[in-house]
Amino acid sequence: MKLAQLNQELRQRILNLPGVTERQNAGIHEDAFFVGRTMFMHIHGRGHCDIRLPKDDQERVLREGKAGPHRWAPEAGYVTLIVDDEEDLEPAMDLIRMSHQHFAGKQSILRTEHQ
């Protein structure tokens, strides 16, 4: 699969998660993905994924070598993973789903509190 096709497949898988929206060129992020009003991940260029995780998950993922530390915002829970071939898609989606579930859950808690 060519890199452009791989990037499109990744984006489509992310957008298939419940409640996910995409904003292109959101600040410095070329492709930013949101659940509710929370950006839970973004992609720089083709396949450079920055994924936001709860701190305990971030520490475990880094310790297990499933992703690398984020250059600029590790304190916010971000990790970095590069998707540059088909074998990287599913490991990336595992982390993306983990992030999505966490932040989607927080959104439903907030909606319940304000009803």
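Keep in mind that the numbers below use all heavy atoms, side chains included, and drop hydrogens, waters and symmetry copies.
- Among Q58, K66, M93, R60, the single residue meeting the side-chain contact (heavy atoms from CB on, under 4.5 Å) criterion with M98 is R60.
- Shown here for G68 and L62, the closest heavy-atom pair between the two residues is C-CD2, 3.3 Å.
- In this structure a side-chain-to-backbone donor-acceptor pair under 3.5 Å is present from H100 to P18.
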task = Report the C-alpha separation of L10 and C49 in whole Å, then their side-chain angles, then the decisive distance to 0.1 Å, and conclude whether the side chain to side chain contact (heavy atoms under 4.5 Å, CB included) test is met.
result = CA-CA 10 Å; L10 175 63; C49 300; 3.6 Å; yes
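- Judged purely by atom type and a 3.5 angstrom limit, N16 uses its side chain to pair as donor or acceptor with the backbone of Q12.
- Remark: K55 does not engage E59 in a salt bridge, criterion side-chain N to carboxylate O under 4.0 Å.
- I51 and A92 get closest at one heavy-atom pair: CD1-O, 4.3 Å.
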message = Evaluate R71 against T80 for side chain to side chain contact (heavy atoms under 4.5 Å, CB included), listing each step before the verdict.
response = CA-CA 8 Å; R71 277 178 71 177; T80 297; over 6 Å; no
inquiry  = Pair L17, I96 - check side chain to side chain contact (heavy atoms under 4.5 Å, CB included), show working.
reply    = CA-CA 10 Å; L17 296 171; I96 292 164; 3.9 Å; yes
key: Test side chain to side chain contact (heavy atoms under 4.5 Å, CB included) applied to R13 and E90, step by step   = CA-CA 10 Å; R13 289 184 186 197; E90 212 36 57; 3.0 Å; yes
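- Following chains of ILVMFWY side-chain contacts shorter than 4.5 Å, one can reach L6 starting from M41, so the two form part of one hydrophobic cluster.
- Ring geometry for Y78 against H70 counts as tilted: the plane angle lies between 30° and 60°, on a 0 to 90° scale.
- Contact annotation: the side chain of I43 approaches that of N7 to within less than 4.5 Å [non-hydrogen atoms, C-beta and beyond].
- In terms of modelled atom types and a separation under 3.5 Å, the side chain of D88 and the main chain of D85 share a donor-acceptor contact.
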